[in-house]
**Student:** 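Quick one: this structure, given as structure tokens, is what I'll be asking you about.
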Amino acid sequence: MPNIWHQYSEKVMEHFENPHNVGEMENPDGIGHVGNPMCGDIMELYIRVKDNIITEAKFKTFGCGAAIATSSMVTEMVKGETVEEALKISNQAVAEALGGLPPVKMHCSVLAEEALRSAINDYLNKSKKED
Amino acid sequence: MPNIWHQYSEKVMEHFENPHNVGEMENPDGIGHVGNPMCGDIMELYIRVKDNIITEAKFKTFGCGAAIATSSMVTEMVKGETVEEALKISNQAVAEALGGLPPVKMHCSVLAEEALRSAINDYLNKSKKED
Amino acid sequence: MRKYARKMKRIYLDYAATTPAHPEVVKAMQSYYSNAFGNSSSIHSYGQETREAIEIARKKVAALINARSEEIIFTSGGTEADNLALKGIAYTSKDRGNHIITSSIEHHAVMETCDFLKEQGFRITCVPVDKYGLINPEDVKKAITDKTILISIMHANNEVGTIQPIAEIGKLAREADILFHTDAVQTVGHIPVDVNEIRADLLSTSAHKLYGPKGVGALYVRKGTKITSLLHGGEQENRRRAGTHNTPAIVGFGKAAELAQKELQHESKHLTSLRNKLINGLQKQVEHIYLNGHPTKRLPNNANIRVDFVEGEAMLLSLDLEGIAISTGSACSSSNLKPSHILTAIGLQPDQAHSSLRLSLGRETTEEDIGRVLEVLPQIIARLRAMSPLTKSSMQEKTNA
Amino acid sequence: MRKYARKMKRIYLDYAATTPAHPEVVKAMQSYYSNAFGNSSSIHSYGQETREAIEIARKKVAALINARSEEIIFTSGGTEADNLALKGIAYTSKDRGNHIITSSIEHHAVMETCDFLKEQGFRITCVPVDKYGLINPEDVKKAITDKTILISIMHANNEVGTIQPIAEIGKLAREADILFHTDAVQTVGHIPVDVNEIRADLLSTSAHKLYGPKGVGALYVRKGTKITSLLHGGEQENRRRAGTHNTPAIVGFGKAAELAQKELQHESKHLTSLRNKLINGLQKQVEHIYLNGHPTKRLPNNANIRVDFVEGEAMLLSLDLEGIAISTGSACSSSNLKPSHILTAIGLQPDQAHSSLRLSLGRETTEEDIGRVLEVLPQIIARLRAMSPLTKSSMQEKTNA
Ligand SMILES: Cc1ncc(COP(=O)(O)O)c(C=O)c1O
Ligand SMILES: Cc1ncc(COP(=O)(O)O)c(C=O)c1O
């Protein structure tokens, strides 16, 4: 039997089988909600921010293996980053951190990037209002 | 190994391998010359007639196995027949005497019938002139 | 998890995608590669022996659908058969009319061919289906115009398994003097198919769906029906399909047809029972699971289920890691990311279509296999639902419990 | 005679019609029938393993003609490759022009496809050949108009074996910015073929002509060249050829390509030498025997001879009874009885065309086989010439002596 799912890297498989940071967050500082059912991927990303630093990130994802793995990876990557640094995380960076994605799955990493931006923007909007 | 050439009956094969009455005839009473090179079959049929009875028939044929076998068969069939009886020999009769022919080869039996008619007509024309 | 997957018994539940060639089929083909390898168009004995083998196979395939040998055109598969049927009739009949009636749930081989013909100036009417995937013959009748040259309606659907009322459609086509084609790729060899009973003028079939080899199929063309060739060239198949005969595959198809005819009755009973066990077992264990397709008018081996709140490919991947092979209506790897046109045609929302799985059973499926799926799949669903933003909170509590 | 034929060693000299699959090819295919039988479109592991096997095969086929993997479209054979090339380019380019240039000696797969395209409104120019079957590139150049969209000239002729100056034709096509297709079914695997050297934009090949399996071929399509599908349906072959992959055959093709690449050099030398022995031997023994095709620009394995005054099929039959399989330009069994269009195109009279035999050698041909033909064929010719009304009497005396 050949290496199954071998378009997926070991890292993708790890994050698919044991995704990090799964779940909802109570009173998050920012929520990102992206994707659409037509394309079969929906991501919700929650962040907690303290002193401009993302201290916690969680996600819920309806999507394929790559969608789950990128969600898991992006929530790992943002933790401990400043909001500005987090905004610089690109979909390529997420894909690279996962050891690459098959071409047909790159859209999942785009979604992860969008989910993160959406959550950060939500946080920034909220904090503006509080100002 | 299956029966090779099995579209051909045993009888056709016999007559192809050992055709009867091959050759030219010196001073024949009738000569038939039919066929055309386009279709790949040319038959020459010679008859000798005595007292209205065909005593001898010979042929030369350029053509496939069925053409050779029908030539051989038709020259056998006419021997001893009256001219009138010989004119009644149809291509079906030749084919039947050979135990049948594959459909794509029925044209060869038609050619044999035509060769015979042509030879008899030649004989009849000649004898008319002699009259 | 993955580490163990390599050692465990693999369970194949994707027989609708393709079947393994039956060992007797493989055996029957064996001598036609290097021994009796002649070109069937050759006049010599090597050609003769393959010509004979092909004609024997043709008889067997014809017998399976109650046709005559000379009504069978061997093709390279179901796709070619469908293309030949539609384009062949379209080109032959274009002086009589330019209208073709088909359905919204055809296989891509019919659907995309219709799209091509549309570009060539033909007019296509797609009749809809109901929520079970069933076509209403009345809709077909209403779609007929005086320009209609062909009705092409599949026998049973490859995804949801719904069996269409094609005998009725064949009857009304005949009455209207319009040619009727049916894509029977999913039915031939699995349920009884009789070209005269269903009044088909053209019928497509494919060997690899009935334990025959890949790369060979057939188009049945009723005697007297004129059809323009799709592959032009040599005089093979009565000048209707050129190309050196694929003798081993054709011989294998013949053997598969012969075996199918014998085993069909028993097999369809056996698979229906296993299939029902699977569906009932899943519905008993897991909430928000729904059967796609018709509950009874369906292929014996087809279980297509909608598992709300979870994406299909994630389930497929999780099952594959457990050594279980299935298929999904999701298309997260396809070029356009759109879910199956069949699932949307039966009225599913995009997320519901993306949540659908097809488990298709076959000859080697056992009770144990079904037991294993009933053990593994609910766990996978629970795990993925826990991650899904679509899972209702009430739902989630139950699943986590 | 016949009685013995069944026991004697059979000698196959019809390798141009088809070749036996190499034992290693058969072995390579074995596991893809019932073990690794998955549908390459399936996402699960069964699909994955066949997808990989197909891509490995694609690399090998590409390597044989110095192409890139992604430039190879697998088809069901040479005929489909030719049909796809011509119709695919015609449909794609019809807004740019409607004129196609081809030759008078193409295989039926090209010729009949051109006839079909003519009915669809395309204009076809057939450039002639000289008495050796050679095309003059100047004639091709002269035929070009501003409506020309495609030039299709075969690499080597299947009957008379003449190898065309396709590098020159490819060059002038490129200069005129017109797509160039070559039917290389008879050359790939037998003489070196390099798509870049000959500047082909499209090239057809077929596995069963190079010791691969029947039912699979390939069309090379240069990167960037748009082509309309012939088989519409699923997304296989980058959406350019639908239909479930014939995995075993594709794997077999890959193996055959790999073997051919290794053995090509040696084999072509060996066969050329045996072939010349055959031709010279016959010409030495029998009068009024002539070589058809070009004396040196010809396929290594091809001997096409004209045996005046004797019909080809009678010789073929006689040889077959001796266990020797060959082919003929005669068509005494074909539906229209017309001799080969190729032989008439090189200027043969109908009776000369009907008198032509093709003996094509291959891997298993031995010196002894050639010796046997040189012993048997002259006797057969003598016997049949004695029966022929075309044999000149002077000629006949010599033959009978
Ligand atoms: C209903 C239906 N039609 C057509 C096809 C195409 O057949 P093939 O894969 O043999 O080209 C398939 C299977 O792929 C099918 O399920
Ligand atoms: C030159 C040429 N082109 C095309 C073909 C057709 O190939 P296939 O038999 O694989 O369809 C052949 C052989 O039959 C051939 O010799």
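None of these values were measured; they are calculated from a predicted model. Letters go in sequence order (proteins before strands), and every chain restarts at 1.
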**Student:** Ignoring hydrogens, what is the shortest heavy-atom contact between Ser34(D) and Pro20(C)? Give both atom names and the distance.
**Tutor:** O-CB, 3.8 Å

**Student:** Is the shortest side-chain heavy-atom distance between Glu235(D) and Glu112(C) below 4.5 Å?
**Tutor:** no

**Student:** Measure the CZ-OG1 distance between Phe37(D) and Thr18(C) for me, rounded to the nearest 0.5 Å.
**Tutor:** 7.0 Å

**Student:** What I'd like to find out is whether the side chain of His44(D) reaches to under 4.5 Å of the side chain of Ile326(C), using heavy atoms alone.
**Tutor:** no

**Student:** Which bit of Tyr12(C) comes within less than 4.5 Å of chain D, counting heavy atoms only: side chain, backbone, both or neither?
**Tutor:** both

**Student:** Name the region of Asn83(C), side chain, backbone, both or neither, that has any atom closer than 4.5 Å to a heavy atom of chain D.
**Tutor:** side chain

**Student:** For Ser45(D) and Arg10(C), test the side chains for any donor-to-acceptor distance below 3.5 angstrom and give the result as yes or no.
**Tutor:** yes

**Student:** Under a 4.5 Å heavy-atom cutoff, which of Asn35(D), Asp82(D), Thr113(D) has the most pairs with chain C?
**Tutor:** Thr113(D)

**Student:** Would you mind checking which part of Leu230(D) comes under 4.5 Å of any heavy atom in chain C, side chain (CB onward), backbone (N, CA, C, O), both or neither?
**Tutor:** both

**Student:** Check whether Ala249(D) gets within reach of chain C through its side chain, its backbone, both or neither, counting any heavy atom under 4.5 Å.
**Tutor:** neither

**Student:** Can you check side-chain contact (heavy atoms from CB on, under 4.5 Å) on Arg241(D) and Ser76(C), steps first, answer last?
**Tutor:** CA-CA 12 Å; Arg241(D) 200 280 186 183; Ser76(C) 68; 3.2 Å; yes

**Student:** Which one, His22(D), Gln30(D), Gln120(D), His107(D), leads in non-hydrogen pairs under 4.5 Å with chain C?
**Tutor:** Gln120(D)

**Student:** Quick check on Glu119(D) against chain C: is it the side chain, the backbone, both or neither that has a heavy atom closer than 4.5 Å?
**Tutor:** neither

**Student:** If you tally heavy-atom pairs under 4.5 Å against chain D, which of Leu319(C), Val25(C), Thr19(C), Leu86(C) wins?
**Tutor:** Thr19(C)

**Student:** Does any backbone or side-chain atom of Thr228(C) lie under 4.5 Å from a heavy atom of chain D? Answer side chain, backbone, both or neither.
**Tutor:** side chain

**Student:** Begin from the C-alpha positions of Asn246(D) and Asn246(C) and carry the test side-chain contact (heavy atoms from CB on, under 4.5 Å) through to its verdict.
**Tutor:** CA-CA 11 Å; Asn246(D) 186 352; Asn246(C) 186 352; 4.2 Å; yes

**Student:** Just so I understand: if I count every heavy-atom pair under 4.5 Å between each of Pro248(C), Ser229(C), Gly77(C), Gly38(C) and chain D, which residue has the most?
**Tutor:** Gly38(C)

**Student:** As an exercise, state the distance from CD1 of Ile43(C) to CD of Glu313(D), rounded to the nearest 0.5 Å.
**Tutor:** 4.0 Å

**Student:** Do His232(C) and Asp115(D) pair up side chain to side chain, a donor and an acceptor below 3.5 Å, judged on atom types alone?
**Tutor:** no

**Student:** Taking the inter-plane angle between the rings of Tyr91(D) and Phe116(C) on a 0 to 90° scale, is it parallel (under 30°), tilted (30 to 60°) or perpendicular (over 60°)?
**Tutor:** perpendicular

**Student:** What are the two closest heavy atoms between Val26(D) and Tyr33(C), and how far apart are they?
**Tutor:** CG2-CB, 3.7 Å

**Student:** Check each atom of Asn39(D) against the heavy atoms of chain C and say whether the ones under 4.5 Å are side chain, backbone, both or neither.
**Tutor:** both

**Student:** Write down the atom of Asp14(C), the atom of Ser42(D), and the distance for their closest heavy-atom approach.
**Tutor:** OD2-OG, 3.3 Å

**Student:** Based on non-hydrogen pairs under 4.5 Å, which of His208(D), Lys87(D), Lys214(D) is most in contact with chain C?
**Tutor:** Lys214(D)

